Asks: 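I'd like to ask some things about the structure below.
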Amino acid sequence: MKLHQIDEPLLEFGSDTHICPRAGIAKYDVYDSRFSARRDRILVGAVGTSDDLGNLRNWLERCGKSIPAKLNATQHNLFTAFCGFNNTSGFKATLVMEDEITRTISKSEIKRILKIEDWDSRVTEAVDLYYQEVRFLAQNRNVDLIVCIIPMELHEKISKEPLGPVEEPLDDRDRRESPEMNFRRALKAKAMHLGKPLQLMRELSTEANAKTQQDDATKAWNFCTALYYKASQTVPWKLVTNINRPSICFVGIGFYRSRDKKTLNTSLAQIFDELGNGVILRGTPVDLNKEDRQPHLV
């Protein structure tokens, strides 16, 4: 067997290049900071209970300042300090969350949904509850994106993630684990026509120093980079263009079941070209191997 190491592609930032997105932003600023006509205030709409909205506001304030790296981390390149989301460093922008671009969900509505026994009905009611508030913000307020905070007690009842590699015949899998029954996917699909990106997060994710979460610096990197990328007309980095080699397209391949649960289909998601443009394609049905019932790429 002959092995060939493929070098990490260089990413272009505001003033230089680097192979690491986090180090590149911290040292050289986001790519579009080189342009004078750029968005430097990200208007963050939010939907959640009154407590969760308060916790989100506190978390955004925390993200506005630098956060030390994880203590005693041996992998320093993996656990890096967060540069802070502000006008003077890294992102060269601020996250703005005001009362007029938030919508409060009552705890009584959450309790009502928790009492619904049927899985499908419970997820549907939860999606409708958040969708109504998301639609109001998208249609009546000036927001760049909308954060939906899910209380932990509700998250546990509506947000089971689909299984990874299939380890048993599909017909034997719990139908509640299907991507079609997942709250996150259902809400994003229903709200897609509104044209405003959504960022869903658990209630626990708004808490600083949560023991069951990533360290605060890592969590801030992931959260803030997602918000910046999802905001309209913002580019955190892009691949360095090399005229001496073909353009590159990065593709993530997934699988999903049809609504009638009878077929498994391919899905090409998170497809990005060298300019950072992304699309999602829905593919054709998958032929399952009769011996192991696993989807395979050919």
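Owing to the predicted nature of the structure, the values given are computational and were not obtained by experimental measurement.
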Asks: Is Arg141 positioned over the aromatic face of Phe136, cation under 6.0 angstrom from the ring centre and no more than 45 degrees off axis?
Replies: no
Asks: Does Leu194 share a hydrophobic cluster with Ile105, counting links as ILVMFWY side-chain heavy atoms below 4.5 Å and allowing steps through other members?
Replies: yes
Asks: Counting only N and O atoms by type, is there a donor-acceptor contact under 3.5 Å from the side chain of Arg38 to the main-chain atoms of Asp32?
Replies: yes
Asks: Would you mind reporting whether His18 and Ile25 have side-chain heavy atoms less than 4.5 Å apart?
Replies: no
Asks: Go through it in stages, so that I can follow the logic: the residues are Met97 and Glu61, the test is side chain to side chain contact (heavy atoms under 4.5 Å, CB included), and I'd like the CA-CA distance, side-chain angles, deciding distance and then a yes or no.
Replies: CA-CA 10 Å; Met97 174 183 167; Glu61 291 178 0; over 6 Å; no
Asks: Is the backbone of Ser205 close enough, under 3.5 Å, to the side chain of Lys219 for a donor and an acceptor to pair up by distance?
Replies: yes
Asks: In this structure, which one of Lys196, Arg39, Lys230 forms a side-chain hydrogen bond (donor to acceptor under 3.5 Å, both in side chains) with Asp144?
Replies: Arg39
Asks: After noting the C-alpha distance and the side-chain angles of Asp99 and Thr102, does the key distance pass the side-chain hydrogen bond (donor to acceptor under 3.5 Å, both in side chains) rule?
Replies: CA-CA 5 Å; Asp99 289 343; Thr102 66; 4.8 Å; no
Asks: Check for me whether the distance between the ring centres of Phe82 and Trp221 falls short of 6.0 Å.
Replies: yes
Asks: Taking the side chain as every heavy atom from C-beta outward, state whether Leu187 and Leu200 have any atom pair closer than 4.5 Å.
Replies: yes
Asks: Between Arg122 and Glu117, does a salt bridge (charged side-chain N to carboxylate O under 4.0 Å, His left out) hold up when you go through it step by step?
Replies: CA-CA 7 Å; Arg122 187 162 65 246; Glu117 296 184 359; over 6 Å; no
Asks: Quick check: closest heavy atoms across Tyr229 and Thr234, and the distance to 0.1 Å?
Replies: O-OG1, 3.9 Å
Asks: Can a donor-acceptor pair be found, under 3.5 Å and without considering hydrogens, that links the side chain of Arg135 to the backbone of Ala191?
Replies: no
Asks: For the residue pair Gly14 and Ser33, what are the closest heavy atoms and their distance?
Replies: CA-OG, 3.7 Å
Asks: Just by modelled atom types, is the Trp59 backbone N or O under 3.5 Å from a matching donor or acceptor in the Thr206 side chain?
Replies: no
Asks: Is there a side-chain contact between Ile67 and Arg62, using heavy atoms and a 4.5 Å cut-off?
Replies: yes
Asks: Main chain of Phe223, side chain of Tyr228: is a donor-acceptor contact present, judged purely on distance under 3.5 Å?
Replies: no
Asks: Surrounding CZ of Arg112 (heavy atoms of other residues, nucleotides or ligands, distance under 6.0 Å), is the total greater than 12?
Replies: yes
Asks: Does Lys157 qualify as a cation-pi partner of Trp119, given the criterion of NZ or CZ under 6.0 Å from the six-membered ring centre and within 45 degrees of its axis?
Replies: no
Asks: Determine, step by step, whether Glu125 and Val127 satisfy the side chain to side chain contact (heavy atoms under 4.5 Å, CB included) criterion, reporting the C-alpha distance in whole Å, the side-chain angles of both residues, the deciding distance to 0.1 Å, and the verdict.
Replies: CA-CA 5 Å; Glu125 286 293 315; Val127 168; over 6 Å; no
Asks: If we only count heavy atoms from C-beta on, is the Ile150 to Met201 side-chain gap below 4.5 Å?
Replies: no
Asks: For Asn87 and Ala93, which heavy atoms make the closest approach, and how far apart are they?
Replies: OD1-CA, 3.4 Å
Asks: Heavy-atom count around Met152 CE within 6.0 Å, excluding the residue itself: above 12?
Replies: yes
Asks: Assess whether side-chain hydrogen bond (donor to acceptor under 3.5 Å, both in side chains) is satisfied between Arg22 and Asn222, documenting all intermediate values.
Replies: CA-CA 9 Å; Arg22 295 177 183 177; Asn222 294 337; 2.9 Å; yes
Asks: If you compare all heavy atoms of Ser50 against all heavy atoms of Thr104, which two are closest, and at what distance to 0.1 Å?
Replies: N-CG2, 3.7 Å
Asks: What's the verdict on salt bridge (charged side-chain N to carboxylate O under 4.0 Å, His left out) for Lys92 and Asp40, showing C-alpha distance, side-chain angles and the deciding distance?
Replies: CA-CA 7 Å; Lys92 296 290 184 177; Asp40 61 2; over 6 Å; no
Asks: Are Phe85 and Ile42 close enough that some pair of their side-chain heavy atoms sits under 4.5 Å apart?
Replies: yes
Asks: Measuring only between side-chain heavy atoms, which start at C-beta, is Leu145 closer than 4.5 Å to Leu227?
Replies: yes
Asks: Are Tyr31 and Phe13 close enough that their ring centers fall under 6.0 Å?
Replies: no
Asks: On a heavy-atom basis, which atom in Ile110 and which in Leu154 lie closest, and how many Å separate them?
Replies: CD1-CD2, 3.7 Å
Asks: Are the side chains of Phe79 and Thr218 in touch, meaning some heavy atoms are under 4.5 Å apart?
Replies: yes
Asks: Does one side chain, of Thr88 or Asn86, offer a donor that lies under 3.5 Å from an acceptor on the other?
Replies: yes
Asks: What is the minimum heavy-atom distance between Ile116 and Ser121, and which atoms define it?
Replies: CG2-CB, 3.8 Å
Asks: Would you sort out whether Glu203 and Asn55 count as a side-chain hydrogen bond (donor to acceptor under 3.5 Å, both in side chains), showing the intermediate values?
Replies: CA-CA 8 Å; Glu203 175 185 43; Asn55 290 335; 5.4 Å; no
Asks: Parallel, tilted or perpendicular: which one describes the rings of Tyr131 and His193, with boundaries at 30° and 60°?
Replies: tilted
